[in-house]
Every structure is written in structure tokens, then in C-alpha cells.
*Asks:* 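My questions will all concern the structure given below.
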Amino acid sequence: MPLLAIVYFSISGTTEKLAHAVTRGADGMADVALCRITGDDIVSGRFQNERLFETIDRAHAVAFGSPTYMGGPAAQFKAFADASSYRWSQQRWADKIAAGFTTGACAGGDQLHTLTYFTILAAQHGMLWCGLDIPGGEDPSGRNRLGSQLGLATHLVDSALPQSDLCTAEYLGQRLAKLAKRNG
């Protein structure tokens with residue numbers, strides 16, 4: 001069974017809920033490794049967690065997740081990305097399937113920039129990007145409610161993650177697992 005690594009940072013628990021929903025979507029089609037970036041992983045401003053990198057090295061697919069802060073991914077996620085440059089120089093993650101998910105404070109809270117950041121990170125590593133194939137605003141179940149084809153973008157409504165966004169995250173996990181199986 002292919003391995004899906006879900007690499008994410010979450011401060012309030014919202015991004016973590018999305019990571020768990022991606023896991024549910026991949027259930028039975030891929031083994032999943034939840035790789036949460038924590039404050040302890042950052043030493044003197046530099047990400048240092050070799051075990052997390054080794055998990056990604058073994059994975060067939062990777063989902064990147066971070067809240068959107070000030071128009072981009074959280075500094076903790078960025079520290080992880082910066083530290084991945086050794087893997088980049090060796091193209092260790094080339095041809096792995098990659099996807100992304102993010103949440104922001106507002107519906108138009110610049111989440112697209114975070115997803116674009118993830119795609120550039122994946123492209124630099126030689127990864128193959130997996131977006132959403134659900135037309136925004138046209139799904140009977142309400143998935144992809146914000147209409148982002150690049151990946152899952154969401155925001156809280158009345159202080160809660162909408163069920164439709166959790167369903168979109170599950171769908172993203174399912175899609176990633178199917179592609180990883182095909183690619184592996």
C-alpha cells in the first residue's frame with residue numbers, strides 16, 4: 001500500500017482537523033503518516049526533525065498543510081520548507097504526488113497564495129501536483145465551496161469548520177491515495 005505523508009502545522013487545531021479529514025479520505029487506500037510540525041522542531045529558527053524528512057523520503061504522496069498568516073504559510077511551515085533544501089539538491093522527492101490545504105480568517109484571506117507557495121515548493125522538489133477536480137460552487141455536496149482548484153482553501157464560519165470543507169479534505173485524501181497507488 002502506498003504511503004501518504006501529511007506534513008502540517010496547526011496552532012489552533014483547525015489545520016489539524018483538516019489533516020485528520022485528509023487521513024480519513026485516504027483510509028484503506030494508503031498508509032498515512034501524520035507529520036505535525038511543532039515548536040520543538042524549530043531550534044534557533046531552523047527546522048530540525050530528520051525523522052519527519054525520512055518519512056517524506058519513503059512516501060509516495062505528500063499533503064502540505066498550514067494556516068494562512070499574513071498572506072502565506074506559517075513561519076513554522078516555512079522553516080520546514082527552508083530546511084528541505086538538502087532533499088531538493090538531491091531531488092529525493094522527485095515524482096512524488098503532492099497536494100495542499102490551508103485555512104484563513106476570511107473567505108478571501110489570501111489562502112491562494114499559501115497554496116501557490118506549496119505548488120512552488122513541490123515543483124522545486126520535482127513533485128507532481130494534485131489539485132481538486134471539483135468545480136467550485138457546482139458540487140451538490142457543497143465540496144470546494146471557495147472554488148479553489150489548486151487545493152483545499154477554507155475559513156471558519158461562526159467559529160467552526162464547515163462540514164463541506166471537511167468533506168473536501170476527505171476527497172483530497174482519497175484523490176491523493178488513488179494517484180499515489182497509480183504512481184507507485
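Side chains are part of it too, since the values below use all heavy atoms of this structure and drop only hydrogens, waters and symmetry mates.
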*Asks:* Supply the atom-to-atom distance Leu4 CG to Thr23 OG1, rounded to the nearest 0.5 angstrom.
*Replies:* 7.0 Å

*Asks:* To the nearest 0.5 Å, what is the distance between CG on Leu156 and OG1 on Thr14?
*Replies:* 4.5 Å

*Asks:* Main chain of Ile11, side chain of Thr15: is a donor-acceptor contact present, judged purely on distance under 3.5 Å?
*Replies:*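 Not a single qualifying donor-acceptor pair exists.
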
*Asks:* Just how far is it from atom OH of Tyr8 to atom CZ of Phe64, taken to the nearest 0.5 Å?
*Replies:* 15.0 Å

*Asks:* side-chain contact (heavy atoms from CB on, under 4.5 Å) with Tyr171: which of Val22, Leu152, Asp133?
*Replies:*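 For Tyr171, the side-chain contact (heavy atoms from CB on, under 4.5 Å) check succeeds only for Asp133.
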
*Asks:* Work out which heavy atom in Leu176 is nearest to a heavy atom in Ala61; give both atom names and the distance.
*Replies:* CD2-CB, 4.1 Å

*Asks:* Considering all heavy atoms of both residues, which atom of Ala59 and which atom of Ala5 are nearest to each other, and what is their separation?
*Replies:* CB-CB, 3.9 Å

*Asks:* Please report the interatomic distance CG(Asp139) to CZ(Arg145), rounded to the nearest 0.5 Å.
*Replies:* 13.0 Å

*Asks:* Taking atom CG of Asp165 and atom CG of Leu172, what is their separation to the nearest 0.5 Å?
*Replies:* 12.0 Å

*Asks:* When the side chains of residues 116-123 are checked against the rest of the protein, which donor-acceptor pairs come out under 3.5 Å, sequence neighbours left out?
*Replies:*
from, atom 1, to, atom 2, distance (Å)
Thr116, OG1, Leu112, O, 2.9
Thr119, OG1, Thr116, O, 2.7

*Asks:* Does the side chain of Lys78 come within less than 4.5 Å of Phe9's, by heavy atoms?
*Replies:* no

*Asks:* For the backbone of Val7 and the side chain of Arg36, can you confirm whether one donor and one acceptor N or O come within less than 3.5 Å of each other?
*Replies:*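 No: the side chain of Arg36 does not pair with the backbone of Val7.
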
*Asks:* Indicate every side-chain donor-acceptor pair of residues 66-73 with a distance under 3.5 Å to a residue at least two apart or in another chain.
*Replies:*
from, atom 1, to, atom 2, distance (Å)
Ser66, OG, Ala74, N, 2.9
Thr68, OG1, Thr102, OG1, 2.7
Thr68, OG1, Thr114, OG1, 2.8

*Asks:* Ignoring hydrogens and geometry, is there a side-chain-to-backbone donor-acceptor pair from Asp110 to His113 under 3.5 Å?
*Replies:* no

*Asks:* Using a 3.5 Å distance criterion without hydrogens, assess whether the side chain of Ser148 forms a donor-acceptor pair with backbone atoms of Ala153.
*Replies:*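 Not confirmed, Ser148 side chain does not pair with Ala153 backbone.
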
*Asks:* Please give me the minimum heavy-atom distance between Gln124 and Trp88, naming the atom from each residue.
*Replies:* O-CD1, 2.8 Å

*Asks:* With a 3.5 Å distance limit and no angle check, can you tell me whether Arg175 reaches the backbone of Gly131 through a side-chain donor-acceptor pair?
*Replies:*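 Side chain of Arg175 to backbone of Gly131: a pair is present.
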
*Asks:* Give a yes or no answer on whether the side chain of His125 reaches the backbone of Trp93 with a donor-acceptor pair at less than 3.5 Å.
*Replies:*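 Here the side-chain-to-backbone pair does not exist.
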
*Asks:* Can you tell if the side chain of Lys96 reaches within under 4.5 Å of the side chain of Leu128, non-hydrogen atoms only?
*Replies:*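 They are not in contact (no side-chain heavy atoms under 4.5 Å apart), so the answer is no.
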
*Asks:* Hey, does the side chain of Asn144 reach the backbone of Pro135 with a donor-acceptor pair shorter than 3.5 angstrom?
*Replies:* no

*Asks:* Write down the atom of Lys178, the atom of Met29, and the distance for their closest heavy-atom approach.
*Replies:* CG-SD, 4.0 Å

*Asks:* Between Ile97 and Val62, is the side-chain contact (heavy atoms from CB on, under 4.5 Å) condition met? List the steps.
*Replies:* CA-CA 6 Å; Ile97 307 295; Val62 181; over 6 Å; no

*Asks:* Does the Ser10 side chain pair with the main chain of Gly13, one donor and one acceptor, at a distance under 3.5 Å?
*Replies:*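 Yes, because the side chain of Ser10 sits within donor-acceptor range (under 3.5 Å) of the backbone of Gly13.
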
*Asks:* Taking the six-membered ring for Trp, are Phe47 and Phe80 ring centroids under 6.0 Å apart?
*Replies:*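 Yes; Phe80 has its ring centre under 6.0 Å from that of Phe47.
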
*Asks:* Could you tell me the separation between the CZ atom of Arg92 and the CD atom of Glu54, rounded to the nearest 0.5 Å?
*Replies:* 8.0 Å

*Asks:* Report the C-alpha distance between Glu170 and Lys17 in whole Å, list the side-chain angles of each, state the deciding distance to 0.1 Å, and finish with yes or no for salt bridge (charged side-chain N to carboxylate O under 4.0 Å, His left out).
*Replies:* CA-CA 11 Å; Glu170 288 176 9; Lys17 287 178 185 173; over 6 Å; no

*Asks:* So Val32 and Ile6, do their side chains get closer than 4.5 Å, heavy atoms only?
*Replies:* yes

*Asks:* Run the numbers on Arg143 and Ser164 for side-chain contact (heavy atoms from CB on, under 4.5 Å), then give the verdict.
*Replies:* CA-CA 5 Å; Arg143 297 174 303 174; Ser164 61; 5.6 Å; no

*Asks:* Under the 3.5 angstrom rule, does the side chain of Gln76 hit a backbone N or O of Ile37 as a donor-acceptor pair?
*Replies:*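 The answer is no, because no donor-acceptor pair under 3.5 Å joins these two groups.
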
*Asks:* Judged by atom type as modelled, is there a donor-acceptor pair below 3.5 Å linking the side chain of Trp129 to the main-chain atoms of Gly151?
*Replies:* no

*Asks:* Indicate the atoms forming the closest heavy-atom contact of Ala83 with Arg46, along with that distance.
*Replies:* CA-NH2, 3.7 Å

*Asks:* For Leu34 versus His20, what's the shortest heavy-atom pair and its separation?
*Replies:*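 The pair with the smallest heavy-atom distance is CD1-CE1, 3.4 Å.
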
